[in-house]
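Note sheet for the following structure.
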Amino acid sequence: MDTAAGGSASALPPPSGSTGTGAEAKEDGERGGKPVMVVLMGPSGSGKSTFAEAVLDGSATGRPWVRVCQDTIGKDKAGTKMQCLKAVADALKEGKSVFVDRCNLEREQRADFVKLGGTLHTDVHALALELPAKVCISRAVSRTGHEGNLQGRTAALVVNRMLQKKETPLLTEGFNRIMFCNDDTDVKKAIELYSALGPLDSLPSGVFGQKRQGPIQVGIMKFLKKADASSVEKSNGPKLTLSERKLGQENPLPKQEKVESGSCSMEAKTELNDNIENEEGAKESGSYDIGYRTLAFPSISTADFQFDLDREPLTLYIVDTQLLIACRRDITQLRSKGSLQCNVIANAANWRLKPGGGGVNAAIFNAAGEALQHATKECADTLRPGNSVVVPVPLTSPLREQEAVTHVIHVLGPNMNPMRPDYLKNDYTKGCKILREAYNSLFENFASVVQSYMGKQNDQPVAVKSASGDSKMKREGGHESERMKKHKLIQPILTKQQHECTGSNAPNYRGNSVGSSDAPNQATKADNKKSGVVASKSWGTWAQSLYELAMHPDKYKNSDSILEVSDEFVVLKDLYPKAKKHVLVISRTNGLDSLADVKKEHLPLLRKMHSAGVKWAQKFLEEDMSLEFRLGYHSVPSMRQLHLHIVSQDFDSASLKNKKHWNSFTTSFFRDSVDIIEEIEQHGAANTNSDDKVLAMELRCHRCKSAHPNIPKLKSHIANCKSSFPSHLLEKNRLVSSTEHMDCT
DNA sequence: GTTCTAGAAC
DNA sequence: GTTCTAGAAC
C-alpha cells in the first residue's frame, strides 16, 4: 500500500477546512456543524478510554465530544448495546460528536453503530487501536479500578479471546474513514488529529495508517522447483525473506508447520513481514490475525489424484508472501477452530468444479453451501489440470459469514489415479510440470486477489487477474463475460445483480418459433410475470417435439406411434413409456404450452382430451383387464404443448429410470385431469404450484406408501405390491379400470 | 424429455 | 468392484 492510502499515521494530511473557510466548511457551517461518530476498536488494554478522554480533555476547538462507554453507561449494572446506541443517537442529534467506546472488534458488534450513522447521515470513522497483543494484555493485567472490573489474570484471558475474534474494519462495512494506530506514537498523533478537529472540519475519507506488509512479488515467486536453491532469485526488497522447504522433509525447521494432506506430508514456513513484536504478540494471544491477505492451501493432487511426492520430491519456495499456510487442519474452519483467519482458501477441485469426491473439495463445498456452487458456475464451467480459478465467496455463504473467507481458488493438479479423468499413466515428468503450473496459477491468482483488495483500499482502479489458464468461457461470450468476472473479484455484491441481468437475457425459444397467434398468450405470460405469479419459461430445442407434432401431425401420419389425430388433439404413444401402457393426448392449440396457460375458454378442449384419454384407456383394458389407468398432467411439463398423460399404474417399464420419472407420476406433481377440469370450472385456472421439490422426494410406493432406497428396489416392490390405492384415487373416477370403483364423492 | 458419466453408495 | 444417482449436455 502506498501513501495514497495514508501509509502511516505520520503521513496524515491535515484536516480539510480547518480554518473554516473551505467550501466544505462553509456548507457544513450552513448546517450548523457536522458531528462525527468515531467507533473505537480494540481489546481491553488497548487504550480506547484513554484515547477518548484525551481528546475530550485536549480539544480546544469548540467541537463538542461525547464518550459513550458500555462499561459505565449502565451506572451500577453492566451496560447494554441498546443503551449505547440510544446515547450515540441522542448525542448526534444534539450535534455532538461521539466516541463509541466498546471493543467493537467483530463486524457484527459494530454493524448497528455504522447503520445508525447512515440513518442519521453522519460520517462514521473506525479507529482501530492495533497495539501488540502483549502490550494490551500487560496493560489489562496490571491495571486497577477498571470501569468494567476487568483486570488481573481474567483480563489476559479475555483479551486473548477478543483478539481471536478480531475482524479488520473495512470501508465496505460502511465506514467513511478507517485509521489504524499500531503503536503509542500513532495513538498520540490520532489524539492530536481529533483534538484539532474544529466543529466545521471534516477528515478525508479512506484508510490510513495500516501496517505496510509489502507487495507480493509475483515475479520472483518460484514454486515447486526441483531442489536447486541456487537457481532461486533473491528478492530486491529489503524486507523480503526467502524460505525453502522441501515437501516430504522429515525434520521440521523452526517456525514452520508440518502439514499433512492425504497421503503426503508437506511443510511450509510462514513468513511475516511484520515487526517481530507484533508477530510474537499475535502468537502469544493465540491469534494469527493477518486476515485479509492470507491464503491457506491444501496439498494439490496428493489425495484422490494419487500424485506421489515421495517418488518425485519437489521443493516449494515461498518468497515474501504475506502468509502462505499449507494446511492440514480443517481448511473450512480455520478461523472458528484454529484461530487462523485466512481470507483466501484454495480448493483441490475436480475438473467439473463440482462438489463431492470427498476430501478438501467436498469439505469446502459443504461448508460454503450452494452459494459457492452458483458463484463457481458464474466464473468457470470446467478447469484443466495445471490451472486455477478465483471465485468470490458470496456474502450469503456460511464460509464467508462464519470464517470470513472472501475468495476460494479452485485448483486442479495432475492426476495419477486411473479411475479419474486426465490420467497421466505415471508420467511424472508431465505430472511435475502440471503440478508446478497448478501452484503457480494458484499463487498468481492469490496475488491478484490481494492486489484487488489493495486497489480497493486505495480507491483506485486496478487490473485484476481473473481465472487463469484455459478454464472455459461462459457461453454468453468472450470479453463481456471476462470483464464481469474481473469486476466480481472486487464487487461480489454486484455479481448477483449482474447475474440476474444476464439471466433475463436468456434466449426465449418460444419467440423464435411461434407465429402471431401466440401474441395473446405472450401477453398473459407478461401479465403473470408482472404479478409475480409465473416465471417466464423458455423451451429448449429438445422440448419442442410435441409442439412440432401438434402443429404438423400430417408430417408424421405414417408413424406407428400416432394413434389418433383430430382437429383438436393428437394421441401419441409415449416414445419412452413409463408403464406397460402410456399414451399422450396432445392439444393442437397453438400457444397452449402447459397447465399454467389453461383458462376457462379451454374447458371444452380439456373435456375432449379427457374423453379421448378415457376411450384409449378402455381400449387397452379390453386387451388386458388387469390394468388400471390414471389420466393427468404434469404441473410443470418438460416439453412444450399441453399434453395429457394416460398411464397404466403398473409402472412396469425400462424407461422408468429415475426418481424424477417416478415422482412426476406419483406425487402431487401429477395433476389428475378430473381435478384440473374442476379447478378451472371453479376458479378459472389450474393450480400448478406443486413444488419442484416433490420430484426429489424419497421413493414411495404409490399403493402402500412404503419407502424404498432406490429405483431397482422400488420396482421390485411395486411388481408385487397388492395393496389397494390410497382412498383419494378411488374417488371422482381418478382411476380408470375394469373394476368399477365406488365414487364416494 | 434422454444420454452420458463422475461420483456416491454399497 | 459394482450399482446407482444426479447433473450437464443436448
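For A:Phe670, the ring-ring contact (aromatic ring centres under 6.0 Å, His included) criterion is met by A:Phe665, not counting sequence neighbours.
Using the six-membered ring where Trp is involved, A:Phe620 and A:Trp616 have ring planes that are tilted, between 30° and 60° apart.
For residues 573-590 of chain A, every residue pair satisfying the salt bridge (Lys or Arg N to Asp or Glu O under 4.0 Å) rule, not counting sequence neighbours, is listed here: A:Lys581-A:Glu623. The list of salt bridge (Lys or Arg N to Asp or Glu O under 4.0 Å) pairs with a residue in residues 604-614 of chain A, not counting sequence neighbours, reads A:Glu568-A:Lys608, A:Arg607-A:Glu681. Residue pairs meeting the salt bridge (Lys or Arg N to Asp or Glu O under 4.0 Å) criterion with at least one member in residues 653-665 of chain A: none, sequence neighbours excluded.
Remark: A:Lys657, A:His661 in residues 651-671 of chain A come within less than 4.0 Å of DNA chain B through at least one heavy atom. Residues from residues 697-718 of chain A lying near DNA chain B, meaning a heavy-atom separation below 4.0 Å, are absent.
Between A:Phe365 and A:Thr376, some side-chain heavy-atom pair lies under the 4.5 Å cut-off.
Nearest nucleotide to the side chain of A:Asn350, out of B:dG7, C:dC10, C:dG7: B:dG7.
Rounded to an integer number of Å, the gap from CZ of A:Phe365 to P of B:dG7 is 12 Å. Rounded to a whole Å, the CE atom of A:Met639 is 17 Å from the P atom of C:dC10. A:Gln373 places its CD atom 15 Å from the C1' atom of B:dA6, with the value rounded to the nearest Å.
Contacts of A:His634 with the nucleic acid, taken as non-hydrogen atoms under 4.0 Å apart, involve only primed sugar atoms and P, OP1 or OP2.
Look at A:Lys354 and you'll find a side-chain N or O under 4.0 angstrom from OP1 or OP2 of C:dA8.
Shown are A:Leu631, A:Leu584, A:Val614, A:Val571; of these, the side-chain contact (heavy atoms from CB on, under 4.5 Å) with A:Ile646 is made only by A:Leu631.
With centroids closer than 5.5 Å and planes inclined by less than 30 degrees as the test, A:Tyr576 and the base of B:dG1 fail to qualify as a stacked pair.
Judged by distance alone, the side chains of A:His717 and A:Ser706 do bring a donor and an acceptor atom under 3.5 Å apart.
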